[in-house]
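Some notes on the structure that comes next.
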Amino acid sequence: MKLLALEMRWLLAIADAILPSDAHERLPDGASAAPMAEFFDDVLVRSPLRPMLGLRAAIWAITLSPPLVIRSSRFFGGLSPEERVRHLATLGASEIYLLRELPVLIKTLALMGYGAMPDVQRAVGVEPAVSQPPVWARSEHAP
Amino acid sequence: MIRERVFTAADVSGRSAVEDSADVVIIGSGCAGATAARVLSECGLDVIVVEEGPWVKPAERQHDTWGSFRRSWRDCGFQVAEGRSLLPVIQGRCVGGSTAVNGAIVHRMPEKVLHHWKSEFGIDGMITMDALERIYARLDDELGVGAGPDAVLGRNNELMRKGCDAVGITSNVIRRNVRDCEGSAHCLQGCPNARKQSMDVTYLPRAVAAGARLYADARADRLVVERGRAAAVTGMFVDDENGRVRTGFTMRARRAVIVAASAIQTPLLLQASGVGRISGMVGQRLQMHPGASMIGVYDEPVGIWSGISQGYETTHWWDERMKMESVGVPFEVGAARLPGYGRELMRRIAGFGHISQWGVQIRSTALGSVRRGWSGRTVIKWSWSPEDIARLKIGLRRLAEIAFAAGAKAVYPGIHGMPEEVTGLDAFAKLDVLPDDPRLFHGIASHMFGTAIMGRDPRTSVVGLDARVHDVNGLFVADSSIYPTNMGVNPAHTICAVSWLIAERIAGA
Ligand SMILES: Cc1cc2nc3c(=O)[nH]c(=O)nc-3n(C[C@H](O)[C@H](O)[C@H](O)COP(=O)(O)OP(=O)(O)OC[C@H]3O[C@@H](n4cnc5c(N)ncnc54)[C@H](O)[C@@H]3O)c2cc1C
Ligand code: SF4
């Protein structure tokens, strides 16, 4: 499966809100500094359809639901960084099981990509950190 | 492995069809299939193994988890059981099966379980404690089974030992099938240095050296039955990288076909082939050992990324249907278990070097089912029973107690309805008032059983006491599908042992 360009932009915005840059002195780079689009592309191409439809549903639901979830007049893209996090945390604490699993799915996937980057591992102190970026993050790899 | 006798989709590309024949055709190359191949080929039988997944050599193993999921795991790690909650059901899908990505934990069949099988299900004859002990001794020797050395145990495991000692419960370093473990905590991505004695580096090369042929990227689709006898297996070579079908295959069996595709895929193959129907039990009675984890947070550095992935356990509460073990997962997987989003999550990620992770697995009482859905996907239906959840709550609380006893300043329970971060055991009183609802927890399961059970009576079981499918001559099931119940301990070693016994029978038949 492949996402529309718009959906990929939304997904990257969500990943960026989950893993922001400049949030901790040891981790200046968040998801936006990692090749997350390449990672998500590879996940989407390789994985079975059903969970990827789930991912797509999560992207749409998270992006469009701020008016319902945090009573904002804007969609996810128009929220401030703090509001984005509040929206994700509110969804993640929802009493409705499927709703609270939506940000969990994206968080789990985003970390799998972000956390595999050598710079991130070194910053966290992973010993030994991976020596080179994973296959999907190398320029010669096209999913 | 002798390259000339291992065939992949790339090797057969361009051929209109692949045909081969042998005394025995085995489907699946995990514990059950590889062990049967090793025994039968060394008894002088001509053996073919067909394996749906790719051949991932140790040097090709990816350090990152997604790299491993995309090549070596079933459905890239996305397989789930659908019930009141979604439960990931994880399996390997590569040469060596789940052993390529498992924790290498070794346990023997608990006598109480085997006794229960005998008294409740009439299982005796081939699978006895004496027979299993004889094979376990061989397996221990051939697969390098022993307790992990202290030098590479790692702090995640050491802290569990410290906590268990402080709480005053019995616990031990885990016995594993590993030689000269380097403590790289990469077991779940596949051991890069072939220290783990998984089937792809042990019994499959042995079988191939003894003359067996191994077909990788080869998905068996149908069992062909002629005049009441299993005669062949047909299927497709599918290119692992792009999912394209390369060519079809037919593997003819002169003596027997052994289905060893795991307790999830074996029933699908039997169902697709219309065999084992008399009882209506194919794909029914799915049982598991679901579990969940507890994270401890310490002032001291832990470095969960080094040491033995799963090196310490306690079976102290085994009679209460629970077992706890350390779970050293890679950073990029473990970090997803940390609570929060945004700045708060980043703070916790920065502190990842100070966490421990241990899990509790429950000997569940729930029964589920497996079938092929209309689109060809695997449909696993399974829900935790209320008793399971009650036990899970107790188990998670106990893990928190062990963590605090080991010096944790906080734990992350990962339970909806509880605070994200808890600094004392008192907070777990909250668990008592939470409903026994599986949707409050994030579970996972990797041990499956019971979807083609063994028994004397063809009306209530799929295979007989010799593991032969009741209604088809020469067709055997060798994996944990045939177990009438789950075991309460990690099953790989027993799956190898039982498959060995089945193979010995077939060789002598
Ligand atoms: C991450 C993980 C950690 C684990 N840790 C431990 C542990 O530490 N100790 C322990 O005892 N157990 C552990 N287990 C469980 C244990 O590995 C399995 O129970 C065991 O490997 C099952 O053996 P099997 O032969 O039945 O199936 P598998 O080992 O899963 O092998 C079945 C093989 O059959 C193939 N196959 C399926 N369908 C077809 C088809 N149609 N055609 C061709 N091939 C097919 C599959 O691709 C697979 O390679 C773990 C499992 C996982 C996933
Ligand atoms: S801990 Fe590392 S060296 Fe030891 S078996 Fe696992 S992957 Fe191999």
Side-chain angles (χ1 to χ4, degrees), chain A residues 17-27 30 39 42-43 45-52 54 81-82 84-89 92-95 97-98 100-101 103-104 107-117 120-121 123-137, chain B residues 62-71 74-80 84-86 88 184-185 240-243 301 303-306 330-354 373 375-378 416-417 420 437-440 442:
Chain A
I18 294 172
L19 301 164
S21 295
D22 299 321
H24 192 276
E25 74 262 15
R26 285 190 30 217
L27 279 169
F39 169 72
D42 196 44
V43 171
V45 166
R46 282 292 291 203
S47 304
L49 183 64
R50 230 173 124 90
M52 292 307 98
E82 293 73 28
R84 289 180 180 196
V85 169
R86 188 159 66 84
H87 175 55
L88 290 166
S94 166
E95 284 311 310
Y97 172 65
L98 285 178
R100 65 175 181 266
E101 289 306 299
V104 173
K107 174 178 168 181
T108 305
L109 280 176
L111 264 159
M112 214 183 286
Y114 172 73
M117 301 311 293
V120 175
Q121 295 203 355
V124 173
V126 175
E127 191 52 56
V130 287
S131 52
Q132 54 174 332
V135 177
W136 47 263
Chain B
Q62 298 299 320
H63 276 247
D64 72 302
T65 304
W66 171 245
S68 168
F69 279 13
R70 73 197 291 286
R71 278 208 86 189
R74 180 149 304 270
D75 287 351
C76 300
F78 282 110
Q79 182 172 262
V80 290
R84 284 193 74 196
S85 61
L86 294 173
S184 68
D240 178 59
E241 211 27 61
N242 54 28
I304 198 173
W305 48 71
S306 78
F331 162 64
E332 63 269 28
V333 174
R337 173 66 175 72
L338 302 174
Y341 296 91
R343 192 170 284 278
E344 196 183 316
L345 175 62
M346 292 306 258
R347 176 180 60 79
R348 287 178 174 137
I349 292 175
F352 188 80
H354 291 252
S375 59
R377 77 184 180 95
T378 304
H416 179 73
E420 287 179 341
D437 183 341
R439 293 170 298 186
L440 306 184
H442 280 117

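In what follows, every chain begins at residue 1, and chains take the letters A, B, ... in the order their sequences are listed. As a basis for the values below, the full set of heavy atoms in this structure was taken, side chains included, without hydrogen atoms, waters or symmetry mates.
- For the set Arg337(B), His416(B), Arg377(B), Gln79(B), the entry with the most heavy-atom pairs within less than 4.5 Å of chain A is His416(B).
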Review item, side-chain donor-acceptor pairs of residues 339-346 of chain B, under 3.5 Å, at least two apart:
from, atom 1, to, atom 2, distance (Å)
Arg343(B), NH1, Ala23(A), O, 3.4
Glu344(B), OE2, Arg348(B), NH1, 2.9

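- No side-chain heavy atom of Val333(B) sits less than 4.5 Å from a side-chain heavy atom of Thr108(A).
- Contact count against chain A (heavy-atom pairs under 4.5 Å) is highest for Cys76(B) among Cys76(B), Gly243(B), Gly353(B).
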(request) I would like to know whether Glu332(B) and Gln121(A) meet side chain to side chain contact (heavy atoms under 4.5 Å, CB included); could you show each step before the answer? (result) CA-CA 9 Å; Glu332(B) 63 269 28; Gln121(A) 295 203 355; 3.6 Å; yes

(message) Between Asp240(B) and Arg46(A), does the salt bridge (Lys or Arg N to Asp or Glu O under 4.0 Å) criterion hold? Intermediate values first, please.
(response) CA-CA 10 Å; Asp240(B) 178 59; Arg46(A) 282 292 291 203; 3.6 Å; yes

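- With sequence neighbours excluded, the residues forming a salt bridge (Lys or Arg N to Asp or Glu O under 4.0 Å) with Arg84(B) are Asp437(B), listed by chain and number.
- Of all non-hydrogen atoms in Trp305(B) and Val126(A), the two that sit nearest each other are CE2-CA, 3.4 Å.
- Contact check for Phe69(B) versus Met112(A): side-chain heavy atoms found under the 4.5 Å cut-off.
- Top candidate by heavy-atom pairs under 4.5 Å with chain B, chosen from Val43(A), Leu88(A), Asp22(A), Leu49(A), is Val43(A).
- When heavy atoms are compared at a cutoff of 4.5 Å, Pro103(A) approaches chain B by way of both its backbone and its side chain.
- In terms of heavy-atom proximity, Gly115(A) sits nearest to Phe331(B) at O-CD2, 3.3 Å.
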(request) Kindly indicate, with the supporting measurements, whether the criterion side chain to side chain contact (heavy atoms under 4.5 Å, CB included) is fulfilled by Leu111(A) and Ile349(B). (result) CA-CA 10 Å; Leu111(A) 264 159; Ile349(B) 292 175; 3.8 Å; yes

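- If you tally non-hydrogen atom pairs under 4.5 Å between each of Arg100(A), His24(A), Arg26(A) and chain B, the highest count goes to Arg100(A).
- In this structure, chain B has a heavy atom under 4.5 Å from the backbone of Ala17(A), while its side chain stays farther away.
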(message) I'd like to know whether Phe78(B) forms a side chain to side chain contact (heavy atoms under 4.5 Å, CB included) with Arg50(A), so could you lay out the CA-CA distance, the side-chain angles of the two residues, the decisive distance to 0.1 Å, and finally the verdict.
(response) CA-CA 9 Å; Phe78(B) 282 110; Arg50(A) 230 173 124 90; over 6 Å; no

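- The residues Arg439(B) and Glu95(A) are annotated as not salt-bridged, no charged nitrogen and carboxylate oxygen being separated by less than 4.0 angstrom.
- Using a 4.5 Å cut-off between heavy atoms, Ser94(A) touches chain B through its backbone atoms (N, CA, C, O) alone.
- For the pair Leu109(A)/Trp66(B), no side-chain contact is recorded, criterion being any heavy-atom separation below 4.5 Å from C-beta on.
- Minimum heavy-atom separation, Ala116(A) to Asp64(B): CB-CB, 3.7 Å.
- In this structure, the side chains of Tyr97(A) and Ser85(B) come closer than 4.5 Å at one or more pairs of heavy atoms.
- For Ile304(B), no part lies near chain A; criterion is any non-hydrogen pair under 4.5 Å.
- A heavy-atom distance below 4.5 Å is found between the side chains of Val104(A) and His442(B).
- For Met52(A), the part lying near chain B is the side chain, with the backbone staying farther off; criterion is any non-hydrogen pair under 4.5 Å.
- The parts of Pro20(A) that come within reach of chain B are both its backbone and its side chain, each placing non-hydrogen atoms under 4.5 angstrom from that chain.
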